[in-house]
Amino acid sequence: MPPEPPPLPAADTTAKFAWLAVLGGPALLLFDAVVWREVSGWPAWVGILSFLGGFGTLVARMKDRDEDEPEDPNGGAVV
């Protein structure tokens, strides 16, 4: 049986708000479409901009590699 995986690192405040925006923006658009039967006005702009802002934040904060990993002398995969 494989060993237990290590626990996930705790998310910081910026990542939590970015995930809230990525999930909450489309939820607001869906709520707007279901309740008022149209997606327009400021709720549409808030939903779209929050999704784009949260997604952009998460992508910008992605790391290319882990700081604990040693540097690969070959620079990538060797076939």
Under 3.5 Å, sequence neighbours excluded: what are the donor-acceptor pairs made by side chains of residues 43-52?
residue: S50; atom: OG; partner: V46; partner atom: O; Å: 2.9
residue: S50; atom: OG; partner: G47; partner atom: O; Å: 3.0

* Asked: Linking Ile, Leu, Val, Met, Phe, Trp and Tyr by side-chain heavy atoms under 4.5 Å, what else ends up with M62?
  -> none

Tell me which donor-acceptor pairs under 3.5 Å the side chains of residues 3-24 have, and how far apart each pair is, sequence neighbours excluded?
residue: D12; atom: OD1; partner: A15; partner atom: N; Å: 3.3
residue: D12; atom: OD1; partner: R61; partner atom: NH2; Å: 3.0
residue: D12; atom: OD2; partner: R61; partner atom: NH2; Å: 2.5

* Identify the residue among V59, T57, L58 that makes a side-chain contact (heavy atoms from CB on, under 4.5 Å) with F55. => V59

